[in-house]
Amino acid sequence: MSILQTIKSRFATALEPLTDDVGPLLDMIRSSQDAKFGDFQANCAMSLSKQLGKPPRDIATDIVAMLDVSDFCEPPEIAGPGFINLKLKDAWICERADAIAGDDRLGVEPVAEPKHVVVDFSSPNVAKPMHVGHLRSSVIGDAICRTLKFAGHKVTSDNHIGDWGTQFGMIIYGYRNFVNEAAYAEDAVGELARLYKLVNQLSDYHAAKTKLPVLQQKATQLQAELQQSTADADPADKKANRKLKSQQKGVKDTLDAIKSAEEKIAELDTDAERLALANAHPDIAKLARLETSKLHAGDADNQQLWSQFLPACLTALDRVYQQLNVEFDLTLGESYYNPMLADVVSSLKDKDLARDSDGAVCVFVEGHNAPFIVQKTDGAYTYATTDLATIQYRVNELKADEILYVVDKRQSEHFNLLFQTCERWGFQNLKCQHVSFGTVMGPDGKPFKTRSGDNVGLESLIDEAISRAGQIVAENDDNKPGGPVLSAAQRAEVAEIVGVGGIKYADLHHSRDSDYEFQWEKMLATTGDTATYMQYAFARICGIFREVGVERRSLTESAGNLMLTCPEERALALQLIQFDQAIEGVLNDYRPHVMTSWLFETANKFSSFYGNPNCSVKNASSEEIKASRLILCDLMARALKTGLSLLGIETAEVM
RNA sequence: GCCCCGAUAGCUCAACUGGAUAGAGCAGCCGCCUUCUAAGCGGCAGGUUGCAGGUUCGAUCCCUGCUCGGGGUACCA
């Protein structure tokens, strides 16, 4: 039983005479925010006050009188309005720490009722280069999978790739008309990416050409209206003010659209060769769409091209996943579900969930204005249909108990509709959750867009991170007191571990809901609250063992004599025996940043320990204390390594 | 128009879902390498939590109104 559970069970006994429902009160027991208040605090007395009609401090006194924790706590203290503060006995902390000292799971018991969880994450569109926006889903999803597995659940990670969308029509069109055979033979994916970009650019050019006059006219009109409203404006009239604001925004949006269209036109007008291409393919957008429809309808030539392109695209994705050390149990893309879509629609119709509306087949969900469209007017299916088919497959074939979707929060309405439709469709026992995350913003404060050209590519980000880490590794190694200790191969290995770990950590340590601003320096930082800090702490512990001449592994058998001789040791041990709370915190609402915080705090406490000469391991005042500190260090190393590994971040023994 | 979400230190973000004096990291300033890796440690400074009310023992968190910003809103995925 974990420490918190132990404390809660004692409180349950003490609280029972006072109230019928102890559950919510037990949730008010937590570790203290500030060490000076002790180790744990219970805030239940205050909330009972009203219910019992007594002053909270009196209630706290009553609770303490009933509370029996003397076997592992100092006498409880009542403070402030009625907080009950607990301080663990040192001997008890040692006992707990000794108990997990030889344990690779650090005291975390596997869950009593394992579930089968399918985690749907990453899900890039193939044949388009991945950019930093794709990082979040991959990294968060991977961390969740690892943590669920560690906790004892059965996990299936599934990369629901976009391998059936409109981009294939564009590539097919590009391949037929613009392919450079030599380049394709040399680097198929690079050439396909070029073709995608080219077709996109030419389509955008024509679209911009047609849109521009319309936009200009609209802008003139809106500006005139705005001028009129400004002239009429009554500053006291709130409604008018609001209208004015919205008009101003309308003008600004239109002007932005004009600017963007002009840029797209200018891009080609300065490039005679491209311009000629554009003029030779005036209907390129329509024709590319047609290729997609033909593909979906089973056209043999297009299907042949599709199956020729796909493996190359998957290889390109694999390269990135390999660098990121992210693995999938399944990669079932949208195309896999294509044969099931017609049945999904007819099943929805049979159950009276879906009906025709304006020529499309829709499911209407209460509370939502927009319908869930499962088949378009032209007969094509949508991603809504695919998602339903996917759920059906995951429940019927994979026997999933729960599905997690690690997807951008902007799609929350889609998932709302999906989950509600799904429940009415007959999957009442399935638990679905949209594990949403915020948008990665550009330096301009606007989201990275999937279609615009100049996003920071994921591969170049990773390469840059490794190369910068390499410089830092070399610099630090060169400056070591006794001279460099790393071989060239070791330096390269450490650079990769530090570089990739840094990128992942930079993403994971944000609360997943919030948007965050992408900054090169932050992604590549190696000081402060970064993966490097933890990795460095780990390497320093390994250094202690090297220095003292003891194998870490040899300690796992001889554990059992931990002593707390200074405050730093106590703080460290107390932190380490609460690893299970970090795991629980992550899985409670799938928030990996709970783990990053725990790791940072832990490493922080270690660094204080390490930096204090009174806590020296090598020069400990007795052999017993030295042995005790070695046990603590080993526990620390194991905690850091395990915690980081659950985030998909590696460690190095020397750096 | 309707529906969501956000606003916290100069910057980037936390705050265990209503708890004690709102915390970190960067950036800035001051100390610490003949002693286990200075990618570090110790310290200083930095705040009317967007604004105005309300709810209660207690509010960054819940309610109302306002200001600013973002997202979504019938056939893109």
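Proteins get letters first, then strands, A, B, ... in listed order; numbering begins at 1 in each.
Nearest to the side chain of A/A370, among B/U73, B/C36, B/A39, sits B/U73. Picking from B/A39, B/G71, B/C36 the nucleotide with the shortest atom distance to the side chain of A/M655 gives B/A39. Closest to the A/R540 side chain, of the nucleotides B/A38, B/A77, B/A74, is B/A38. Distance from the side chain of A/S608 is smallest to B/G42 among B/A77, B/G25, B/G42. With B/G71, B/U37, B/U21 as the candidates, the nucleotide lying closest to the side chain of A/K36 is B/U21. Listed candidates were B/A74, B/A77, B/C26. Nearest to the side chain of A/T527 is B/C26.
Regarding A/F600, its CZ atom lies at a distance of 15 Å from the P atom of B/A14, rounded to whole Å. One atom, CZ of A/F609, and another, P of B/G42, lie 14 Å apart when rounded to the nearest Å. Per the geometry, CZ belonging to A/F545 stands 15 Å off C1' belonging to B/U37, to the nearest Å. For A/I544 and B/C36, the CD1 to C1' distance is 5 Å, given to the nearest whole Å. In this structure, A/E521 atom CD and B/G25 atom C1' are separated by 14 Å, rounded to whole Å. Spacing between atom CZ of A/R410 and atom P of B/A77 amounts to 16 Å, rounded to whole angstrom units. Across the protein-nucleic acid pair, A/N604 atom CG and B/A14 atom C1' stand 14 Å apart, rounded to whole Å. Residue A/M28 contributes atom CE, which lies 13 Å from atom C1' of B/C57 at whole-angstrom precision.
With hydrogens and angles left out, the side-chain atoms of A/T651 and A/Q535 include no donor and acceptor closer than 3.5 Å. No hydrogens or angles considered: a donor-acceptor pair under 3.5 Å links the side chains of A/S229 and A/Q247.
Under the 30°/60° scheme for interplanar angles, the aromatic rings of A/F415 and A/Y405 are found to be tilted. Ring planes of A/W520 and A/F518: perpendicular class, angle over 60° (limits at 30 and 60°). Classification of the A/F600-A/Y533 ring pair by plane angle, with boundaries at 30° and 60°, yields tilted.
Comparing B/U60 with B/A52, their P atoms sit 14 Å apart, to the nearest whole Å. The P atoms of B/C4 and B/U48 are separated by 31 Å, rounded to the nearest whole Å. Of the C1' atoms belonging to B/U67 and B/G50, the separation is 7 Å, rounded to the nearest Å. Between B/G25 and B/A39, the distance separating the two C1' atoms is 14 Å to the nearest Å. B/C5 sits 24 Å from B/G47 when the C1' atoms are compared, rounded to a whole Å. When the P atom is used for both B/G54 and B/A59, the distance is 13 Å, rounded to whole Å. Atom C1' of B/U8 sits at a distance of 10 Å from the matching atom of B/A14, rounded to the whole Å. Between B/C26 and B/G1, the two P atoms lie 45 Å apart (nearest whole Å).
The main-chain N or O of A/I161 is never found under 3.5 Å from a side-chain atom of A/S123 such that the two would form a donor-acceptor pair. Side chain of A/S47 to backbone of A/N43: no donor-acceptor contact under 3.5 angstrom is found. The backbone N or O of A/I625 lies less than 3.5 Å from a partner atom in the side chain of A/S622, making a donor-acceptor pair. Of the possible polar contacts, one joining the A/D163 side chain to the A/S335 backbone as a donor-acceptor pair under 3.5 Å is found. Side chain of A/S487 to backbone of A/Q490: a donor-acceptor contact under 3.5 angstrom is found.
Interatomic distance, A/I544 CD1 to A/K626 NZ, rounded to the nearest 0.5 Å: 11.5 Å. For the atom pair OG1 of A/T385 and CZ of A/F372, the computed distance is 7.5 Å after rounding to the nearest 0.5 Å.
RNA chain B is contacted by both A/V654 and A/Y381; A/V654 maps to the nucleotide lying nearer its 5′ end (nearest heavy atom per residue). In terms of position along RNA chain B, the nucleotide closest to A/D34 lies nearer the 5' end than the nucleotide closest to the other residue of the pair A/I472 and A/D34.
Not a single donor-acceptor contact under 3.5 angstrom links the side-chain atoms of A/Y536 to the base of B/A39. At a cut-off of 3.5 angstrom, counting only N and O atoms as typed in the model, there is a donor on one side and an acceptor on the other between the side-chain of A/Q41 and the base of B/A20.
Between A/F168 and A/H296, a ring centre-to-centre spacing not shorter than 6.0 Å is recorded.
Across all strands, A/N85 comes closer than 4.0 Å to base atoms (heavy-atom distances). When heavy atoms are screened at a 4.0 angstrom cut-off, A/C362 is found touching base atoms of the nucleic acid. If you check every strand for non-hydrogen atoms under 4.0 Å, A/N619 touches sugar and phosphate atoms only.
Residues in residues 36-53 of chain A take part in these salt bridge (charged side-chain N to carboxylate O under 4.0 Å, His left out) pairs, two or more places apart or across chains: A/D34-A/K36, A/D39-A/R570. Sequence neighbours left out, the pairs with a member in residues 528-551 of chain A that pass salt bridge (charged side-chain N to carboxylate O under 4.0 Å, His left out) are A/E547-A/K618.
An OP1 or OP2 oxygen of B/G40 is reached within less than 4.0 angstrom by no side-chain nitrogen or oxygen of A/Y610. Contact check, A/Y533 against B/C41: a side-chain N or O comes under 4.0 Å of OP1 or OP2. Not one side-chain nitrogen or oxygen of A/T382 sits closer than 4.0 Å to the OP1 or OP2 atom of B/C76. OP1 or OP2 of B/U17 sits under 4.0 Å from a side-chain N or O of A/R30. Proximity of A/S607 to the phosphate of B/G40: no side-chain N or O atom is located under 4.0 Å from OP1 or OP2.
Between A/T530 and A/K522 there is no side-chain heavy-atom pair separated by less than 4.5 Å. In this structure, A/D634 and A/F545 have side chains that are in contact, with non-hydrogen atoms separated by less than 4.5 Å.
No salt bridge links A/R512 with A/D507; every basic N to acidic carboxylate O contact stays at or beyond 4.0 Å.
Annotated as anti: B/U48, whose glycosidic dihedral deviates from 0 by more than 90°. Syn is the conformation of B/C33, whose glycosidic angle sits no further than 90° from 0.
A/F37 qualifies as a stacking partner of the B/A20 base, centre to centre under 5.5 Å and near-parallel within 30°.
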Would you tabulate the nitrogen or oxygen pairs shorter than 3.5 Å linking the protein to nucleotides 3-7 of chain B?
none

Show the distances under 3.5 angstrom between N or O atoms of the protein and N or O atoms of nucleotides 10-13 of chain B.
| from | atom 1 | to | atom 2 | distance (Å) |
| --- | --- | --- | --- | --- |
| B/C13 | OP1 | A/E517 | N | 2.8 |

Bracket string, RNA chain B, 5' to 3' - pairs by Watson-Crick or G-U geometry under 3.5 Å, | interstrand: (((((((..((((.....[...)))).(((((.......))))).....(((((..]....))))))))))))....
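For the contact set between residues 476-486 of chain A and RNA chain B, defined by any heavy atom under 4.0 Å, the members are A/N476, A/K480.
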